[in-house]
Amino acid sequence: MKKMIANLASREKRVAVLENDVLCRLDIMPPQKRSTVGNIYLGKVTKVLPGMDAVFVDYGAEKNGFLHRDEIPSFQLAKNSDGKTAIGQYIRQGEKLLVQVSRDETGTKGAKLTGLNELSTESLVYIHGIDYVGVSKKFSNDHMQKQWRELAMQNKKTDEGLIVRTTMENESEAFFIEELTSLREMYQGLERKAASLKAPGLILERDTLLEMIMAEMTRTTVGQLVIDDFNAYLELKKWARKNHKEWEISHATGPQNIFSESSIESKVEKTNKKIVWLDNGGYLIFDETEAFTVIDVNSGKFTGKVAKETTLFAVNQAAAKEVSRQLRLKNISGIVLIDFINMDQPRHKQEIIDIVKKETAKDEKRVQVIGFTELGILQVTRKRTSPSLSELMTVPCPVCSGSGKIESPETMAFRLERDLLEHRQTDDEAVWVEASRAVADVLLGEKESYRPTLEELIGGKRLFLSFLPGATNAYSIKRFGTVQEISSAFE
C-alpha cells in the first residue's frame, strides 16, 4: 500500500513516499533551492551559439538558461526546415520569448529551458509552439487511440501540441473541448501578462510539491496521505473529491515533527550515505560525480550455501532491486554505471536487466536500461530535471573540496620545505611557521633530527614552529624577520 507523509509546515518542505512501509521517494525543497521546473518566464536572448545550435537566455536566475534550437517554436513550425539552417534564422540576440524551465540548475550548469511551453490537467497536456498530437499508449485498444488522435487533430490549432492522457479515454468529446479551451485561455492569459512586463520576469510559478503529491495519488487508486499544512490539506481534499480519488487524507495537528512521528526521520538521515547494505549481507557503494554516477556491488558478508556463481548471482539480484529503489530515492539522474559482481552466464545478465527494467518502471522519471558493456558494467540513464538529494542536502567539504580525500602530511611537509627554500637567499635571520603536528613531524624528522639540515638549507635561518589546532594537514608561513622580532612575536 502506498503512503505519503507531507511535511510542509516549516520553511523546508519535504514529502516522503512509502510503498509497503519502505521509503522509495523523498522530495526535499529548501527555500533557497526551490525547484523552478515548470515555471514560465519572459526571457531575453543574451547570446546565440551557432556551433551548438543553441542560445543563452536571461530569465532572471543567477545563471543564464540554455535553450536548444529544437526547443524553439519558430524552428518547430518551419515546415520546410531540413535541420541544417543556421539557428540565427530562427532566433536573434536581444529577442524576447516565453520560456519554461525543464531542468533545474545543477553543479556548474545553468537551467535547461524550452520555448515549447506546457500546461496540463490530469487528462490533457497543452504545448504551445509545436504542431503535434500524441495519445497515451495505455489506452485499452488501438481503435480508441485512433479516435482520440483524430479528435485532437480536428480541434487543435497549427501552433498547438496536444497529448491525450489515459484518463481521457472514458470522457466525452464535450469534456475534451472544455479542457482544451481552458488550457488555451490560460496560455493566452500568460501571453497578455508577458506583453505588460519587462524581461526578464516570472510569468507563472508552479507549486511543484503539490503537483508531485497529486501525480503520486493519480498513479495509485488508493492510499494514505498525512499532511501537516492545513491550507494544503484543504486544497488536496478538494482536488481528491473533484477527481474521485479514493485516498485517505488526514491533517496532522500534533506538536511532534510529522517525519519523527512516522519514524521516517532516521531513514532520511541515511539517504546520503555512500554505502547501502542489502538484506542478505551484500552492499552497494555510490559514487556521484558531475559527469555520471558509479555504483559498485559487493558480496560483503554474504557467503551463501551453494555454488559460487549461484551465490554471487543472488547478490546481484538483490542489488538490482535495491539500485532501482535508490535511484529514485536519491534522485540520481543522468548516466549511471552499475558494476555488478562478474557473471559468466549470459542468461544471468539478461535476468538482471529484466529486474532493473521491471523495478524502474515504477519510477516517475524515464529510465533507460542500455545493457552491459564488454567489461560487465550495466549502463542506465535516468532523466534529469532537478538536483539529486546529495546536491540539495550537502555542500563540498572545505578541507577536501568534495573529493573525499586530503593531502597527506608528507605532501604538505615537502611543499612547505620548497616554499621555505625559495627564501634561502634573503637576509632574514628567522622564520615563523605554523603547521599541524603531523606535518611538523615529517618536516623536522624523528626527534627533530632534520632541523639543523633544514635550517642550513634555507640560508641559516632559525626556524620557529607553532602548532595549528585540529587534525587537518596544513601549514602557514607567518613571517620572516630577525631572531628578536620573530622571538617576540612567537611568544
So, N473 side chain and E407 main chain: donor-acceptor pair closer than 3.5 Å or not?
yes
Does the S10 side chain pair with the main chain of E12, one donor and one acceptor, at a distance under 3.5 Å?
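Such a contact is found between S10 side chain and E12 backbone.
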For [X] and [Y], test the side chains for any donor-to-acceptor distance below 3.5 angstrom and give the result as yes or no.
| X | Y | answer |
| --- | --- | --- |
| K330 | S388 | no |
| K3 | S262 | no |
| Q100 | E118 | no |
| D344 | N342 | no |
| D228 | Y233 | no |

Who pairs with [X] by salt bridge (charged side-chain N to carboxylate O under 4.0 Å, His left out), at least two apart in sequence or on another chain?
| X | value |
| --- | --- |
| E95 | none |
| E71 | none |
| E19 | R328 |

On the 0 to 90° scale, with breaks at 30° and 60°, tag the F313-H348 ring pair as parallel, tilted or perpendicular.
parallel
Non-hydrogen side-chain atoms of M343 and N316 separated by less than 4.5 Å
yes
I need the full list of salt bridge (charged side-chain N to carboxylate O under 4.0 Å, His left out) pairs touching residues 250-259, with sequence neighbours left out, sorted by first then second residue.
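Every pair satisfying salt bridge (charged side-chain N to carboxylate O under 4.0 Å, His left out) with a residue in residues 250-259: there are none.
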Just do the salt bridge (Lys or Arg N to Asp or Glu O under 4.0 Å) check on D363 and R382 with the steps written out, would you?
CA-CA 9 Å; D363 202 322; R382 185 172 184 267; 2.7 Å; yes
Scan residues 267-276 for pairs that pass side-chain hydrogen bond (donor to acceptor under 3.5 Å, both in side chains), counting only residues two or more places apart or in two chains.
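Pairs touching residues 267-276 that pass the test: none.
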Anything under 3.5 Å between a donor and an acceptor, one on a side chain of residues 60-68, the other on a protein residue two or more places apart or in another chain? List them.
residue, atom, partner, partner atom, Å
N64, ND2, T46, OG1, 3.3
H68, ND1, D70, N, 3.1

State whether the number of non-hydrogen atoms from other residues, nucleotides or ligands found under 6.0 Å of R415 atom CZ is greater than 12.
yes
Identified side-chain contact (heavy atoms from CB on, under 4.5 Å) partner of I295 from the options L337, D339, L327
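Of L337, D339, L327, side-chain contact (heavy atoms from CB on, under 4.5 Å) with I295 is met by L327 alone.
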